[in-house]
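The structure presented is a predicted model; accordingly, all values stated were derived computationally and were not measured. We name chains A, B, ... by the order of the sequence lines, and we start the count at 1 in each one.
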Number of protein chains: 2
Amino acid sequence: MFTVFTMTEPRDRILNCACELYLKDGFEGFSMRKLARRVGVTAPALYRHYENREKVLLAVVGQAHNVLARYLYRSLAGETPRERFARAGEAYLDFALDHPRYFQMIYSFAEFMGLDEVPEEVAEETCAVERFWHDRVRECVEAGLLRSHELEEIGLSLWAHAYGLISLYLHGMLDVPEETFRQMYAGSFVRLLRGIATPAYASELEAELEAEEALPDAGPVKPAAK
Amino acid sequence: MFTVFTMTEPRDRILNCACELYLKDGFEGFSMRKLARRVGVTAPALYRHYENREKVLLAVVGQAHNVLARYLYRSLAGETPRERFARAGEAYLDFALDHPRYFQMIYSFAEFMGLDEVPEEVAEETCAVERFWHDRVRECVEAGLLRSHELEEIGLSLWAHAYGLISLYLHGMLDVPEETFRQMYAGSFVRLLRGIATPAYASELEAELEAEEALPDAGPVKPAAK
DNA sequence: TCAGTCATGTTTACAGTGTTCACCATGACT
DNA sequence: AGTCATGGTGAACACTGTAAACATGACTGA
């Protein structure tokens, strides 16, 4: 028995194919019959392993969250709170640009399925992302970089801002090339940062901005990340 | 001929019913046969007036944009740039909370339909919203409230931030009651505002914040709107 | 060895979808 | 009176998600 594929549990084989199919055809093009063909089986067989289409896609959302978690986790390799913070912002962007369909899936699943409540599992995983942001903020508050007022809500501001920018871009509302968007993301990040930074850190950012303006074309793209 | 309804063009009757149906059943529940029943006609008849389902929904997106435009337009009644700016932020929020389905439709249409390009008409109308924000920002820059650097991108920051917050809330990711969310929106708005305000306006905001903290429960909910 | 059970598949079927086609009524204009 | 566009109909096609009934083959206990 050297063939790994036939060894894998049917549930996992289906999930793998479901991810492939979703990433290729998107939500609209995802049908149980197509999935079955890909798995090499007829459609009703899938119902032995997943209750229905919704549950299959729910599993795909889980995968999407796993991938996001890997990206975010990597940012913890940063050595200072400040660096971890900046890297987390980049990681979130990288995830969204590398896996746009996963990004959309994470946030639009309920909308797509026509549910008016987000399923428990999804809500939990989303909550984890929120906590991750919150931890990065708390660290920076303790390091004297960010204001301590409304600690809870600062994380939300950052999250919403990043999500909003990315979402508008992915929805095709911005109509700029990817590299340009990365710069806009970084720039916008700094603007928000100025609003939540302690006076000390804010004036530091200010200095970086002025230095950048002195040599406008050669300046660093992401001052906050340095 | 006193009956207005039978006088209206069939295209408009269909559009009206389509809006009703979409607002009631959402995207997932929107079918041509249901629409036909509502109009009082069989499904194929609809194709005399609209090329296909996509075009019908495109018309609904147009309606959604009209409603948004009305909300934004009202904010122009503000007497100073600063007030118009604050009112625009409120109007955007009001629209989203009053018509969540329209709000989602505006930004998720292409995603829902499985298109990878946003249709021309939608792109244009979205562009108009962006310009509206841009105008509010420009006014405030000229009035010495907002920094003049990166004028273009400041509008984007504001738009993305507002969109992100609202979108997360509507997707059920925030799990707070509406009134709480309104306060979070206002608070987050001020945080970003601090990052894009001129030093003079920023210190003014700072003063308001401190005043609010002096009497934490009785303070105004939206200092930026006053 | 044999009967039984369980996991996993298949075939068939149903109701619903978007859309097309061939056909038919009606009312306006030549 | 005849023509023609307008706006409707019913039947049909190729899909969809999903349920019910049935088949098969591996594993188990007697």
Rounding to an integer number of Å, can you tell me how far E28(B) CD sits from dG18(C) P? 11 Å
Nucleotide dT19(C), atom P - distance to NE2 of H49(B) in whole Å: 16 Å
Just call it for T42(A): base, sugar-phosphate, or nothing, with non-hydrogen atoms closer than 4.0 Å on any strand. base
Using 30° and 60° as the class limits, which term best fits the ring planes of W133(A) and F85(A): parallel, tilted or perpendicular? perpendicular
To the nearest 0.5 Å, atom NE2 of H49(B) lies from atom CD of E9(B) at 9.5 Å
May I have the distance from K55(A) (atom NZ) to dG17(D) (atom C1'), rounded to whole angstrom? 14 Å
Has the side chain of R33(B) got a donor or acceptor atom sitting under 3.5 Å from an opposite partner on the base of dG16(C)? no
Tell me whether the rings of Y102(A) and Y22(A) are parallel (<30°), tilted (30 to 60°) or perpendicular (>60°). parallel
Between dG18(C), dG10(D), dT11(C), which one does the side chain of P44(A) approach most closely? dT11(C)
Would you mind classifying the nucleic acid contact of F30(A) as base, sugar-phosphate or nothing, using non-hydrogen atoms under 4.0 angstrom? sugar-phosphate
Interatomic distance, Y47(B) OH vs dT6(D) C1' [rounded to whole Å]: 19 Å
Is there a salt bridge (charged side-chain N to carboxylate O under 4.0 Å, His left out) between R136(B) and E139(B) once you walk through the steps? CA-CA 5 Å; R136(B) 300 286 72 68; E139(B) 269 189 345; 3.4 Å; yes
What is the distance, rounded to the nearest whole Å, between atom CD of E54(B) and atom P of dT17(C)? 19 Å
Partner of dT30(C) by Watson-Crick or G-U wobble geometry, both contacts under 3.5 Å, or none? dA1(D)
Protein-nucleotide distance (Y50(A), atom OH; dG17(D), atom P), rounded to Å: 16 Å
Specify the separation, in whole Å, of atom CZ of R37(B) and atom P of dA15(C). 14 Å
Which residue, K34(A) or R48(A), contacts DNA chain D at a nucleotide closer to its 5' end, judged by nearest heavy atom? K34(A)
Any donor and acceptor pair, going by atom type alone, linking the side chain of Y50(A) with main-chain N or O of R11(A) inside 3.5 Å? yes
How many whole angstroms separate atom CZ of R11(A) from atom P of dG9(C)? 13 Å
For DNA chain C, whose closest nucleotide is more 5', that of G40(A) or that of N52(B)? G40(A)
Tell me which nucleotide among dA20(D), dT20(C), dT16(D) gets nearest to the side chain of S31(A). dT16(D)
